[in-house]
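Everything on this sheet refers to the single structure shown next.
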Amino acid sequence: MTEGTTSAAAEGADTLTRLEQEGEIAADYLEGLLDIADLDGDIDMDVEGDRASVSIISEAGGRDLQKLVGRDGEVLEALQELTRLAVHRETGDRSRLMLDVAGYRAKKRTELAELGAKAAAEAKSSGTPVKLNPMTPFERKVVHDAVKAAGLRSESEGEEPQRFVVVLPV
């Protein structure tokens, strides 16, 4: 291996170790929260791309865990921010950790990818930009990725919390 390849591999290993540490800190924090709330759930940790991913899952169908999702994922968003703060407090670094509860984000990701693909098809066929409803940063990211996969370009417009995706024709 060359020196550049060795340092790139070491940097990649350092990043993976850091992300795994973030996941472990988040898992400890969330386990404490589940205990306090008297909710049953298992913690699953992973590293997806350049961020730690933590999921709270339940064998019992997750009805109790729906309390941690809330209406339209509002509680989940807040819980993710609190978890990121807990990681930041321990590491001193800003975390981009993603949290999923009872498969809510996984299901939402699938729905949003379909929405992005449909909007891309509509923009292609009509030749006009397609504006979507306001979305969270997570939702916009999934739509942008789906539009890119369809071979088109998209951009976000507006100010939070009314920020939305516009799919641009070729």
Handout entry: Donor-acceptor under 3.5 Å (Lys124 side chain, Ala150 main chain)
Key = yes
Problem - Leu132 and Leu115, any side-chain heavy atoms less than 4.5 Å apart - result: yes
Exercise for the section: Ignoring hydrogens and angles, tell me if any N or O in the side chain of Ser55 forms a donor-acceptor pair with the backbone of Ile57 under 3.5 Å. Expected result: no
Exercise for the section: With the side chain counted from C-beta on, respond yes when Leu68 and Leu34 share a heavy-atom pair under 4.5 Å apart, and no when they do not. Expected result: yes
Fill in the blank from the handout: When every non-hydrogen atom of Val167 is compared with those of Ala120, the smallest separation belongs to CG1-CA, 3.9 Å
Handout entry: Atom pair CZ/CG of Arg89 and Leu85 - distance to nearest 0.5 Å
Key = 9.0 Å
Exercise for the section: Look at the side-chain heavy atoms of Ile, Leu, Val, Met, Phe, Trp and Tyr, link any pair under 4.5 Å apart, and say whether Val130 and Val170 land in one connected group. Expected result: yes
Exercise for the section: Could you walk me through whether Thr17 and Glu22 pass the side-chain contact (heavy atoms from CB on, under 4.5 Å) test, one step at a time? Expected result: CA-CA 9 Å; Thr17 301; Glu22 282 186 19; over 6 Å; no
Handout entry: Minimum heavy-atom distance between Gly127 and Pro169, given as atom pair plus value
Key = O-CG, 3.4 Å
Practice task
Consider only side-chain heavy atoms of I, L, V, M, F, W and Y, link residues closer than 4.5 Å, and tell whether Val147 and Phe138 are in one cluster.
Solution key: yes
Handout entry: Glu90 side, atom CD; Ser95 side, atom OG - distance, nearest 0.5 Å
Key = 12.0 Å
Problem - Arg153 side, atom CZ; Glu155 side, atom CD - distance, nearest 0.5 Å - result: 5.5 Å
Exercise for the section: Under the side-chain contact (heavy atoms from CB on, under 4.5 Å) rule, what do Glu31 and Ile43 come out as? Steps first, then yes or no, please. Expected result: CA-CA 8 Å; Glu31 283 175 2; Ile43 309 290; 3.7 Å; yes
Exercise for the section: For a side chain to side chain contact (heavy atoms under 4.5 Å, CB included) with Thr83, tell me which candidate from Leu33, Val54, Leu30 qualifies. Expected result: Leu30
Exercise for the section: Taking the side chain as every heavy atom from C-beta outward, state whether Asp93 and His88 have any atom pair closer than 4.5 Å. Expected result: no
Problem - Arg163/Glu159 salt bridge by N-O under 4.0 Å criterion - result: no
Exercise for the section: Answer yes or no for Arg140 and Phe164: cation-pi contact, defined as NZ/CZ to six-membered ring centre under 6.0 Å and angle to ring axis within 45°. Expected result: no
Fill in the blank from the handout: Nearest heavy-atom contact between Glu139 and Thr136 is OE1-N, 2.8 Å
Exercise for the section: Measure across Asp40 and Leu65 and return the closest heavy-atom pair with its distance rounded to 0.1 Å. Expected result: O-CD2, 3.6 Å
Completion exercise
Rounding to 0.5 Å, atoms CZ (Arg71) and CD (Gln66) come to a distance of 14.5 Å
Exercise for the section: Search all heavy atoms of Glu77 against all heavy atoms of Arg105 and return the closest pair with its distance. Expected result: OE2-NH1, 3.1 Å
Practice task
Please determine if Lys141 and Asp145 form a salt bridge, counting it only when a charged side-chain N lies under 4.0 Å from a carboxylate O.
Solution key: yes
Exercise for the section: Could you pull out the closest heavy-atom pair between Asp72 and Tyr104, with the gap in Å? Expected result: C-OH, 3.2 Å
Problem - Transitive ILVMFWY side-chain link Ile25 to Val101, under 4.5 Å - result: no
Fill in the blank from the handout: CE (Met45) and CD (Glu20) are apart, to the nearest 0.5 Å, by 8.0 Å
Exercise for the section: Is it possible for you to say whether Val142 and Leu76 belong to one hydrophobic cluster, with membership spreading through side-chain heavy-atom contacts below 4.5 Å? Expected result: no
Problem - Asp38 atom CG, neighbour heavy-atom count above 12 within 6.0 Å - result: no
Problem - Distance-only polar pair, side chains of Ser154 and His144, donor-acceptor under 3.5 Å - result: yes
Problem - Short side-chain to backbone donor-acceptor contact, Glu81 and Ala78, under 3.5 Å - result: no
Practice task
Working to the nearest 0.5 Å, report the span between CG of Asp50 and CZ of Arg96.
Solution key: 4.5 Å
Practice task
Check whether Ile56 and Val75 end up in the same hydrophobic cluster, where Ile, Leu, Val, Met, Phe, Trp and Tyr are linked by side-chain heavy atoms less than 4.5 Å apart.
Solution key: no
Practice task
Check for a donor-acceptor pair, side chain of Gln80 on one end and backbone N or O of Leu99 on the other, with a separation under 3.5 Å.
Solution key: yes
